[in-house]
Participant: 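Take this structure, written in structure tokens, and hold onto it; I'll ask about it next.
Keep in mind that this is a model prediction, so the values were computed, not measured. For the single chain, residues carry numbers from 1 onward in sequence order. In listed order, ligands and their atoms are each counted from 1.
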Amino acid sequence: MTRKIKKAVFPVAGLGTRFLPATKAVPKEMLTIVDRPVIQLAVDEAREAGIEHLIFVTGRNKGVIEDHFDKQYELEDTLRRRNKMAELAVLEADLPGAGQASFTRQQEPLGLGHAVWCARELVGNEPFALLLPDMFIHASPGCLSQMMNVYNAYGGNVIAVEEVPEDQVYKYGVVGRGETAGAGFHVTSMVEKPKVEDAPSNLIISGRYILQPEIFDLLDKQTAGAGGEIQLTDSMLSLLGQQDFFGLKFEGTTYDCGDKVGFLSANVALGLSRDDISPKFRAALKAILDEKCGL
Ligand code: G1P
């Protein structure tokens with residue numbers, strides 16, 4: 001029997017320097033893809049996969065994320081009085097239940113491994129999901145739901161992976177592929193931001209994880225790795241000696257919203273797939289492409 005995954009961790013302490021000046025006062029996770037903040041889309045994916053408790057690892061100037069996941073009495077009252085019931089229904093559906101969102105702070109930017117370690121007391125001694133919100137994964141069912149199928153069948157730890165061109169592996173964590181296990185495969189090795197000649201494959205870690213709590217004991221002692229940061233991948237590699245890790249090449253498309261082109265592409269892709277705006281947006285986009293690109 002595998003233990004049910006009830007909690008998800010969202011590291012949201014990053015500064016978002018690549019989006020200045022937009023991110024001077026607004027956290028990068030609150031930038032929107034159409035009309036939903038990037039962090040909301042990650043939360044949507046987690047809730048679809050059955051997650052009950054949301055744990056945010058925030059930092060300075062990120063208070064608005066906490067407000068976003070709270071009730072807004074005045075706004076809701078105004079919407080009710082103006083009979084804006086559709087808008088109100090969206091806010092009500094998105095609101096986490098009382099006590100189902102927790103916030104802690106990463107006090108220093110020491111790396112992803114350190115951010116995850118900061119959630120150890122809130123996660124406790126149970127397996128958990130980890131979603132890096134910058135990586136927006138457009139998929140149905142969602143990427144974490146697809147991973148849950150592997151976890152429910154095999155237990156252990158599960159990492160979502162995807163293929164990238166070989167000259168891109170240096171930007172990511174990379175896994176080695178072993179024997180097939182259902183829809184997934186056994187992970188044989190992991191390395192963070194390798195040179196292309198040291199990469200075990202071109203399968204990169206896509207920012208979605210299901211992890212056993214023993215990862216925290218390893219993060220406790222983890223020394224700095226690639227880029228001088230405490231790397232989650234290094235602790236996962238240590239855990240790989242003790243527990244099973246499965247990789248899943250999920251069905252879906254990833255948009256790296258920490259990057260301007262990825263962020264704009266996510267907006268176009270989601271805009272084109274939204275029934276409420278798609279016909280008008282398609283026509284507008286076509287006109288822009290005709291004018292600017294002669295397509
Ligand atoms: C982090 C992880 C890396 C993963 C990547 C996905 O790197 O350390 O293993 O492939 O996220 O976005 P970062 O983007 O924080 O450098």
Participant: In this structure, does ligand 1 have an atom that sits under 4.0 Å from one of the heavy atoms of L112?
Facilitator: yes
Participant: Kindly state each residue pair satisfying ring-ring contact (aromatic ring centres under 6.0 Å, His included) with at least one member in residues 70-91, sequence neighbours excluded.
Facilitator: none
Participant: Using a strict cut-off of 4.0 Å, indicate which atoms of ligand 1 neighbour a heavy atom of Q231.
Facilitator: 8 (O)
Participant: Protein heavy atoms near atom 14 (O) of ligand 1, is at least one of them under 4.0 angstrom away?
Facilitator: no
Participant: Is the shortest side-chain N to carboxylate O distance from K249 to E163 below 4.0 Å?
Facilitator: yes
Participant: Could you check atom 8 (O) of ligand 1 against the protein and tell me its nearest heavy-atom contact, residue, atom and distance included?
Facilitator: E192 OE2, 2.8 Å
Participant: Which of the numbered atoms in ligand 1 are under 4.0 angstrom from any heavy atom belonging to M135?
Facilitator: 6 (C), 12 (O)
Participant: Output the list of atoms in ligand 1 that are nearer than 4.0 Å to some heavy atom of T233, sorted by atom number.
Facilitator: 9 (O)
Participant: Identify, for atom 16 (O) of ligand 1, the protein heavy atom at the shortest distance, and state residue, atom and that distance.
Facilitator: K193 NZ, 2.7 Å
Participant: Does any donor atom in the side chain of Q222 or Q231 lie under 3.5 Å from an acceptor atom in the other side chain?
Facilitator: no
Participant: Would E162 and T254 satisfy side-chain hydrogen bond (donor to acceptor under 3.5 Å, both in side chains), going step by step from the backbone distance to the final call?
Facilitator: CA-CA 9 Å; E162 65 192 280; T254 305; 2.7 Å; yes
Participant: Any N or O on L132 sitting closer than 3.5 Å to an N or O of ligand 1?
Facilitator: no
Participant: Is I205 in polar range of ligand 1, meaning some N or O pair under 3.5 Å apart?
Facilitator: yes
Participant: Would you call K7 and E52 a salt bridge, taking side-chain N to carboxylate O under 4.0 Å as the test?
Facilitator: no
Participant: Please say whether K171 places an N or O atom under 3.5 Å from an N or O atom belonging to ligand 1.
Facilitator: no
Participant: One pair to check against salt bridge (Lys or Arg N to Asp or Glu O under 4.0 Å): R208 and E45. What are the steps and the verdict?
Facilitator: CA-CA 10 Å; R208 300 289 184 277; E45 183 185 329; 2.9 Å; yes
Participant: Output every pair passing ring-ring contact (aromatic ring centres under 6.0 Å, His included) with a member in residues 106-145, not counting sequence neighbours, ordered by first then second residue.
Facilitator: H114-W117, F128-F216, F136-H138
